[in-house]
Amino acid sequence: MSEKNGSPEPKPSIDELRAEIKQTRAELGETVQALAAKADVKARAKEQVEQTKQKVKAQAVEATERVRGAAVAAAGAVSGKVHEAADRTSEKAHGAAELTVAKADEFDVREKVRNSSVPLPLVVAGVVALVGIILIVRGRRR
């Protein structure tokens, strides 16, 4: 630094010193901003709350999709069972109708219904309930 020490290092120019001071000020400003951000507890708490909200929203969307998928699968299974039952009932009703028409000439239909172990209103109520279930299931798919 001084020439008495015998150091061969030349003295920096004023422009170099100013550039170095400018760079030091910029670095010091960044350091102060970083320290101020760490010291601002309220802002850090708000940021943490926002991150938690985003995380909960993402989890809610994921859970909703899983429930929706399970509901669709369950509805498909129920729909399949209802269609299967409706087909079987339709086949039995068709077979019974054919049998009734074929035997109508031989037997009195009223007598057969009276002697049946299943009351007619119960059969009608069952058919109505089955049709209602089919309509509800088809309505939910749309």
Side-chain angles (χ1 to χ4, degrees), residues 1-105 107 109-142:
M1 302 265 196
S2 72
E3 292 182 19
K4 293 181 183 178
N5 299 11
S7 66
E9 193 175 299
K11 291 184 179 182
S13 70
I14 293 177
D15 290 335
E16 291 174 345
L17 288 174
R18 286 185 179 156
E20 188 177 329
I21 290 171
K22 187 176 181 179
Q23 180 182 358
T24 304
R25 282 183 181 162
E27 290 173 357
L28 183 60
E30 290 174 6
T31 304
V32 168
Q33 285 179 348
L35 288 173
K38 282 189 175 184
D40 191 2
V41 176
K42 188 175 180 180
R44 289 176 60 196
K46 283 183 180 180
E47 183 179 319
Q48 185 67 31
V49 166
E50 189 61 34
Q51 288 176 354
T52 304
K53 276 204 267 186
Q54 295 300 327
K55 192 178 195 180
V56 168
K57 284 180 182 178
Q59 289 174 346
V61 166
E62 183 181 322
T64 301
E65 291 301 320
R66 276 187 287 168
V67 168
R68 187 172 289 145
V72 166
V78 168
S79 176
K81 298 281 184 184
V82 167
H83 286 295
E84 198 175 291
D87 290 343
R88 277 186 279 151
T89 304
S90 176
E91 288 172 6
K92 287 183 181 181
H94 186 65
E98 287 177 358
L99 180 65
T100 303
V101 169
K103 301 274 182 164
D105 294 334
F107 300 105
V109 175
R110 288 183 185 172
E111 202 55 41
K112 189 172 184 179
V113 170
R114 282 187 196 138
N115 294 336
S116 174
S117 62
V118 180
L120 182 63
L122 184 61
V123 172
V124 171
V127 170
V128 168
L130 184 61
V131 169
I133 290 171
I134 291 170
L135 291 176
I136 288 172
V137 169
R138 285 189 177 175
R140 286 188 180 168
R141 272 199 242 152
R142 294 179 185 167

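Just so it is clear, the structure is predicted and the values come from calculations on it, not from any experiment.
Between the CG atom in D15 and the CD atom in E20 there is a gap of 13.0 Å [rounded to 0.5 Å].
Heavy atoms from other residues, nucleotides or ligands lying under 6.0 Å from CG of L135 number more than 12.
Applying the salt bridge (Lys or Arg N to Asp or Glu O under 4.0 Å) test to pairs two or more places apart or on separate chains, none has a residue in residues 22-32. Sequence neighbours left out, the pairs with a member in residues 46-60 that pass salt bridge (Lys or Arg N to Asp or Glu O under 4.0 Å) are E50-K53.
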